[in-house]
Chemist: 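The following block contains the structure, expressed as structure tokens.
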There are 2 protein chains.
Amino acid sequence: MARTTGSHSDITGPKVREAALRLFAQNGFAAVSMRAIASEVGVQAGALYNYTPDKQTLLFNLLCTHMEQLLAAFTDDTSLAPVDRLRRFVDFHIRFHADRPDEVFISYMELRNLSPENFSAVEALRRQYEDRLQAILQSGADAGEFDIADTKIATLAVIAMLTGVNTWFRVGGRLSLDQVIAQYWDMVRKSVMSG
Amino acid sequence: MARTTGSHSDITGPKVREAALRLFAQNGFAAVSMRAIASEVGVQAGALYNYTPDKQTLLFNLLCTHMEQLLAAFTDDTSLAPVDRLRRFVDFHIRFHADRPDEVFISYMELRNLSPENFSAVEALRRQYEDRLQAILQSGADAGEFDIADTKIATLAVIAMLTGVNTWFRVGGRLSLDQVIAQYWDMVRKSVMSG
DNA sequence: GTCTATAGAGAGATAGAC
DNA sequence: GTCTATCTCTCTATAGAC
């Protein structure tokens with residue numbers, strides 16, 4: 001017979017983060033109460049404070065972990081031609097984000113609910129990721145293979161376009177992820193290529 | 001000497017909407033109290049209910065008004081060549097959105113705080129706007145001037161890219177709006193053009 | 001039309017028993 | 001580690017005076 005009280009730190013901890021992630025993505029950070037998270041996990045509200053000092057830190061850890069996994073998952077290969085490095089980035093970005101819709105959603109929607117210090121930390125990680133794409137675009141521009149007026153703007157334009165996939169793509173929809181990636185790659189490639 | 005009580009419906013009404021818009025954009029719908037809005041306007045919380053039946057309707061009216069103004073402001077000209085219609089759309093979209101950062105922000109961030117019926121109404125308006133761009137892309141594809149695998153995806157990709165300008169553009173920054181529009185137009189044009 | 005006052009619900013976080 | 005109970009605060013919305 002299952003206990004209803006006792007030690008469960010190794011399973012409850014992850015469950016708290018999973019429940020918070022899902023509820024924050026669904027209803028928004030401010031609209032989700034600690035009681036709602038606890039209810040999803042199957043504990044009382046007070047028990048959550050064994051796993052996070054407060055609600056703010058819970059959000060910060062979710063966003064930070066997501067950005068760190070993003071940075072860890074993408075490895076550029078500078079020995080490739082710029083166009084191939086760009087193709088790898090596009091493929092990676094769409095796949096990685098399509099796999100984690102909740103993480104991506106709160107990473108864009110809940111930034112303003114971070115304390116100023118926590119916001120700066122997450123922004124720094126995001127900036128690191130953007131810099132990797134900018135380096136690829138700059139290498140192609142330097143080699144004369146790309147025609148880009150301003151690589152920083154092009155970086156932001158491409159990332160906005162690719163991340164937009166998450167607002168509408170659903171597995172089992174009209175198009176497969178491979179088809180989606182193929183079209184986005186075609187558009188991105190043409191948008192930066194020199195005539 | 002100014003009265004502190006009395007009739008001010010013609011000035012208080014707009015002030016309520018302006019204050020709500022600014023505060024919702026800054027702090028998020030769920031995080032903004034009716035007291036905070038009232039304080040910004042210079043009245044007590046109870047007085048707000050002369051202008052809106054509730055907080056939800058206040059948000060809905062802001063989003064609805066924005067989408068209706070967007071639809072009213074853009075007029076396509078089907079007598080032009082597809083590439084010129086597209087150029088006009090890109091120019092219009094970036095300018096219109098750059099002028100209304102708060103409206104654009106809440107239109108993307110606060111959709112989930114709408115009631116289901118209100119959400120459907122706003123979504124229908126957004127869909128109308130997307131359809132106008134899709135019609136342009138389709139006309140160019142039909143004429144063989146554009147090379148687009150799927151015009152619906154291309155529509156969403158272009159809009160995501162263009163709307164992304166709002167996340168970083170600031171008047172008085174490194175680049176003028178005209179320079180920004182020039183580069184985005186270059187990228188959009190190339191991304192849909194055939195060989 | 002605006003005020004003051006308040007009803008009624010729900011929030012984040014903590015204390016102490018087990 | 002989890003529970004129950006609770007402190008303290010804030011919220012939306014309404015009622016009735018002016």
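The chains referred to below are lettered A, B, ... by the order of the sequence lines, with proteins before strands, and numbering in each begins at 1.
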Chemist: Can you find a side chain N or O atom of A:Ser33 that sits less than 4.0 Å from OP1 or OP2 on C:dA11?
Modeler: yes
Chemist: Any Lys/Arg nitrogen of A:Asp186 or A:Lys190 sitting under 4.0 Å from an Asp/Glu carboxylate oxygen of the other?
Modeler: yes
Chemist: Among D:dA13, C:dG12, D:dC3, which nucleotide has an atom closest to any side-chain atom of A:Gln44?
Modeler: D:dC3
Chemist: Tell me every residue that passes salt bridge (Lys or Arg N to Asp or Glu O under 4.0 Å) with B:Glu68, counting only those two or more places apart in sequence or in another chain.
Modeler: none
Chemist: As a test of reading the structure: which of C:dA11, D:dA13, C:dC3 is closest to the side chain of B:Ala47, going by heavy atoms?
Modeler: C:dC3
Chemist: Which of these nucleotides, C:dT2, C:dG12, D:dT2, is closest to any side-chain atom of B:Thr12?
Modeler: C:dT2
Chemist: B:Phe96 ring centre to B:Arg100 NZ or CZ under 6.0 Å, with the angle to the axis within 45°?
Modeler: yes
Chemist: Can you find a side chain N or O atom of B:Tyr51 that sits less than 4.0 Å from OP1 or OP2 on C:dT2?
Modeler: yes
Chemist: Closest-nucleotide mapping onto DNA chain D: is A:Asn50 or A:Arg35 further toward the 5' terminus? I mean the 5' end.
Modeler: A:Asn50
Chemist: Can you tell me how far C1' of D:dT10 sits from NZ of B:Lys55, to the nearest Å?
Modeler: 12 Å
Chemist: Tell me whether the NZ or CZ atom of B:Arg126 lies within the 45° cone about the ring axis of B:Tyr108 and under 6.0 Å from its centre.
Modeler: yes
Chemist: Could you work out how much the helix from C:dG1-D:dC18 to C:dC18-D:dG1 bends, comparing the axis of its first five pairs with that of its last five, to 10°?
Modeler: 0°
Chemist: Nearest to the side chain of A:Tyr49, which nucleotide is it out of D:dA13, D:dT2, C:dT14?
Modeler: C:dT14
Chemist: Within the 4.0 Å heavy-atom criterion, would you say B:Val32 contacts the bases, only the backbone, or no part of the nucleic acid?
Modeler: sugar-phosphate
